[in-house]
Structures are given as structure tokens and as C-alpha cells.
A.B. asks: 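Before I ask anything, let me first share the structure, which is written out below as C-alpha cells.
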Amino acid sequence: MSSGGAEKASGGIGGVSVKTPADFLKSIRGRPVVVKLNSGVDYRGILACLDGYMNIAMEQTEEYVNGQLKNKYGDAFIRGNNVLYISTSKRTLGDGA
């Protein structure tokens, strides 16, 4: 019974690796993302880079307010303290959904 906890902490059961939030953020760089702000505004675009404070640089960025496209930006910089979450986007840019 003592090996159960150690097995989970060392990488999971059956060799399944545990992915950290930092691993997730590294893996989505250069991919389409949705960034939701505390104000409720969504920014959708390509994640260019981010830092430890969650400051975000995006390319081909679209701003959505209440689900409606309001603006398009070439590059956008978002200060980390405004970010509620970052999610991978399942759609391609320009799909209109």
C-alpha cells in the first residue's frame, strides 16, 4: 500500500507522464489560442510568446466582445494580470466561429 502514492508522484501509473501547466504553455506556443480576460473580452489569435507573469504576445489577433467580432489587430500584447485563462482554439482563424 505504501507504493501507491509514490507511483503517482513519480509520473503516473503505467508510465503515463504528468503534464504541468508550464509544459502545456510551452506546447501551445505558435498555435491558435483563446485568451479570456477578467472583463469578459476574448482575444483569439496565434500565441507568439508569454512570460512567467502571463504577459502575452499574440499575432493575427481578433477581439470578441459578447461573442461578436469587434476588432482585428496584427499584433497584440496583453498584460498578465488581466488574463482569466488561456485555451487552445479548436477552430482555424477566419472560420467566423
Side-chain angles (χ1 to χ4, degrees):
M1 214 193 258
S2 63
S3 66
E7 220 175 333
K8 289 180 184 175
S10 67
I13 298 173
V16 176
S17 64
V18 176
K19 203 170 188 187
T20 66
D23 294 334
F24 167 73
L25 293 172
K26 286 179 193 172
S27 73
I28 63 170
R29 191 176 304 150
R31 294 181 51 202
V33 296
V34 176
V35 177
K36 179 93 163 182
L37 303 188
N38 295 327
S39 64
V41 176
D42 288 352
Y43 288 91
R44 301 176 188 178
I46 307 298
L47 180 65
C49 63
L50 70 149
D51 64 13
Y53 296 101
M54 293 292 277
N55 296 317
I56 298 169
M58 296 175 69
E59 300 169 339
Q60 302 173 31
T61 310
E62 299 173 339
E63 178 183 48
Y64 287 83
V65 179
N66 297 324
Q68 299 287 330
L69 177 63
K70 291 295 179 187
N71 242 322
K72 290 187 178 187
Y73 305 103
D75 294 327
F77 300 92
I78 302 171
R79 186 172 167 165
N81 67 334
N82 295 310
V83 176
L84 183 62
Y85 66 78
I86 302 173
S87 174
T88 55
S89 177
K90 293 187 177 162
R91 65 167 187 84
T92 58
L93 294 174
D95 281 354

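Computed from heavy atoms alone, side chains included, the values below leave out hydrogens, waters and symmetry copies. Not measured: the values here are computed from a predicted model.
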A.B. asks: Check Lys19 against Ser27 and note the closest heavy-atom contact, atom names and distance.
C.D. replies: NZ-OG, 3.7 Å
A.B. asks: Return the CG to CG distance between Asn71 and Leu69, rounded to the nearest 0.5 Å.
C.D. replies: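 Between Asn71 CG and Leu69 CG, I get 7.5 Å after rounding to 0.5 Å.
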A.B. asks: I need the minimum non-hydrogen distance between Tyr64 and Val41, along with the two atoms involved.
C.D. replies: O-CG1, 3.5 Å
A.B. asks: How long is the gap from CG on Leu84 to CG on Asp42, to the nearest 0.5 Å?
C.D. replies: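 These two atoms lie 9.5 Å from each other.
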A.B. asks: Return the minimal non-hydrogen interatomic distance between Asn55 and Gly80, and the atom names on each side.
C.D. replies: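 For Asn55 versus Gly80, the nearest heavy atoms are OD1-N, 2.8 Å.
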A.B. asks: Using atom types as modelled and distance alone, determine if a side-chain donor or acceptor of Asn81 lies under 3.5 Å from a backbone N or O of Tyr53.
C.D. replies: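 Not a single qualifying donor-acceptor pair exists.
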A.B. asks: Return the minimal non-hydrogen interatomic distance between Ile86 and Phe24, and the atom names on each side.
C.D. replies: O-CE2, 4.3 Å
A.B. asks: How close do Met54 and Val83 get, counting heavy atoms only, and between which atoms?
C.D. replies: O-CG2, 3.9 Å
A.B. asks: Could you give the distance from CD (Glu63) to CD (Gln68), rounded to the nearest 0.5 Å?
C.D. replies: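 Taking CD in Glu63 and CD in Gln68, the distance rounds to 12.5 Å.
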A.B. asks: Using 0.5 Å steps for rounding, measure from the CD1 atom of Ile78 to the CG atom of Leu37.
C.D. replies: 5.5 Å
A.B. asks: How many angstroms lie between NZ in Lys26 and OG1 in Thr20, if you round to the nearest 0.5 Å?
C.D. replies: 7.0 Å
A.B. asks: Using side chain to side chain contact (heavy atoms under 4.5 Å, CB included) as the criterion, point out the one residue from Val35, Val34, Thr61 that pairs with Arg44.
C.D. replies: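 So the option named by the test is Val34.
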A.B. asks: So, taking the atom named CG in Asp23 and the one named CD1 in Ile28, what distance separates them when rounded to the nearest 0.5 Å?
C.D. replies: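 So the gap between those two atoms works out to 12.0 Å.
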